[in-house]
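Report on one structure; see the data block that follows.
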Amino acid sequence: TQLLEQSPQFLSIQEGENLTVYCNSSSVFSSLQWYRQEPGEGPVLLVTVVTGGEVKKLKRLTFQFGDARKDSSLHITAAQPGDTGLYLCAGVKGYSTLTFGKGTMLLVSP
Amino acid sequence: GAVVSQHPSRVICKSGTSVKIECRSLDFQATTMFWYRQFPKKSLMLMATSNEGSKATYEQGVEKDKFLINHASLTLSTLTVTSAHPEDSSFYICSARPGTADTYEQYFGPGTRLTVT
């Protein structure tokens with residue numbers, strides 16, 4: 001059973017469009033992280049959200065943690081080709097291991 | 001800061017041979033390191049948790065005798081794939097947790113692409 005469900009699994013859009021990626025779970029997490037991974041490289045941490053309802057912004061990226069700390073979303077405004085990559089959410093319980101979602105592959109075409 | 005390196009970045013080996021992958025935390029001490037495996041266009045699957053000076057904890061379904069983990073120092077963990085077979089071909093990624101256990105932060109290495117022929 002996949003603990004974290006990400007949707008969509010694949011997204012192909014044109015430069016300038018907006019998009020939202022969702023990360024959902026039936027479990028409560030103490031925090032949730034978003035990573036971006038490019039082909040042949042390791043994941044790079046984008047943000048950690050800790051408080052239910054928290055919203056964090058990173059330039060054109062907006063991250064939100066659900067009030068119940070079971071879900072999160074990533075919204076990208078005016079996507080650029082440089083945003084192309086695999087976006088992974090990962091849930092944390094306590095100080096234990098990360099549980100990754102299946103990922104969302106984003107392709108932004110010029 | 002918080003840089004993790006892996007060596008080699010790519011390795012090709014023949015079926016039946018063993019391959020060692022190194023994971024180093026370059027600018028911090030890591031009491032805990034993690035080893036993940038990732039198939040093409042798929043998510044990361046945790047293989048094992050490596051604690052400095054003690055035996056690694058393996059996830060269900062991961063053969064400890066096949067994937068040997070050694071965390072001999074606070075900056076180095078190694079993963080040895082023994083008697084490798086083509087189905088072991090994958091992208092192996094390590095991560096390191098700095099300092100004491102009361103943090104959830106992990107820093108990932110760049111990964112090692114293993115191809116078994």
Side-chain angles (χ1 to χ4, degrees), chain A residues 1-12 21-25 28-51 54 65 69 72 74 84-107, chain B residues 1-11 21 23-26 30-51 56-60 62 90-115:
Chain A
T1 302
Q2 183 68 29
L3 205 55
L4 275 171
E5 296 288 344
Q6 275 188 250
S7 62
Q9 291 186 33
F10 183 77
L11 193 54
S12 180
V21 177
Y22 299 94
C23 179
N24 296 297
S25 175
V28 176
F29 293 101
S30 55
S31 63
L32 195 140
Q33 300 181 324
W34 284 92
Y35 292 82
R36 185 166 77 96
Q37 184 183 22
E38 297 192 23
E41 298 183 10
V44 175
L45 179 65
L46 297 174
V47 77
T48 301
V49 285
V50 180
T51 306
E54 182 178 6
F65 201 14
R69 306 209 314 275
S72 180
L74 157 61
T84 293
L86 179 67
Y87 288 82
L88 296 158
C89 67
V92 183
K93 292 189 175 185
Y95 300 117
S96 64
T97 56
L98 294 176
T99 300
F100 281 90
K102 289 186 177 180
T104 294
M105 185 63 219
L106 172 64
L107 175 62
Chain B
V3 177
V4 176
S5 70
Q6 281 185 241
H7 178 79
S9 58
R10 290 178 175 269
V11 58
I21 303 170
C23 177
R24 292 182 185 273
S25 56
L26 298 184
T31 53
T32 305
M33 290 184 171
F34 303 89
W35 287 96
Y36 296 84
R37 183 173 181 176
Q38 186 178 33
F39 292 102
K41 299 181 181 179
K42 298 293 183 182
S43 188
L44 280 70
M45 298 298 296
L46 180 64
M47 298 175 65
T49 302
S50 168
N51 294 296
T57 302
Y58 290 81
E59 295 299 301
Q60 189 174 9
V62 178
S90 192
F91 194 51
Y92 292 88
I93 305 174
C94 73
S95 70
R97 176 184 288 166
T100 59
D102 58 343
T103 173
Y104 47 73
E105 297 290 337
Q106 293 182 27
Y107 300 95
F108 285 83
T112 296
R113 172 73 60 193
L114 170 64
T115 303

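Every chain is numbered from 1 and lettered A, B, ... according to where its sequence line falls, protein lines coming before strand lines.
Residues passing the side chain to side chain donor-acceptor pair (under 3.5 Å) test with A:Arg69, sequence neighbours excluded: none. Remark: B:Ser50 engages B:His71, B:Ser77 in a side chain to side chain donor-acceptor pair (under 3.5 Å) (not counting sequence neighbours).
Atom OG of B:Ser95 and atom CG of A:Leu98 lie 7.0 Å apart (nearest 0.5 Å). Note that CG of A:Leu88 and CZ of B:Phe108 are 8.5 Å apart. Values are rounded to the nearest 0.5 Å.
The backbone N or O of A:Gly103 lies less than 3.5 Å from no partner atom in the side chain of B:Ser43, so there is not a single donor-acceptor pair.
Nearest heavy-atom pair across A:Leu86 and B:Lys42 is CD2-O, 4.0 Å.
The number of heavy atoms from other shown groups lying within 6.0 Å of CZ (B:Arg10) does not exceed 12. Counted within 6.0 Å of CD on B:Glu59, heavy atoms from surrounding residues, nucleotides or ligands total more than 12; the atom is thus considered enclosed.
Residue A:Gln37 touches chain B through its side chain alone, counting heavy-atom pairs closer than 4.5 Å. Proximity to chain A (any heavy atom under 4.5 Å) is shown, for B:Gln6, by neither the backbone nor the side chain. Residue B:Ile93 touches chain A through its side chain alone, counting heavy-atom pairs closer than 4.5 Å.
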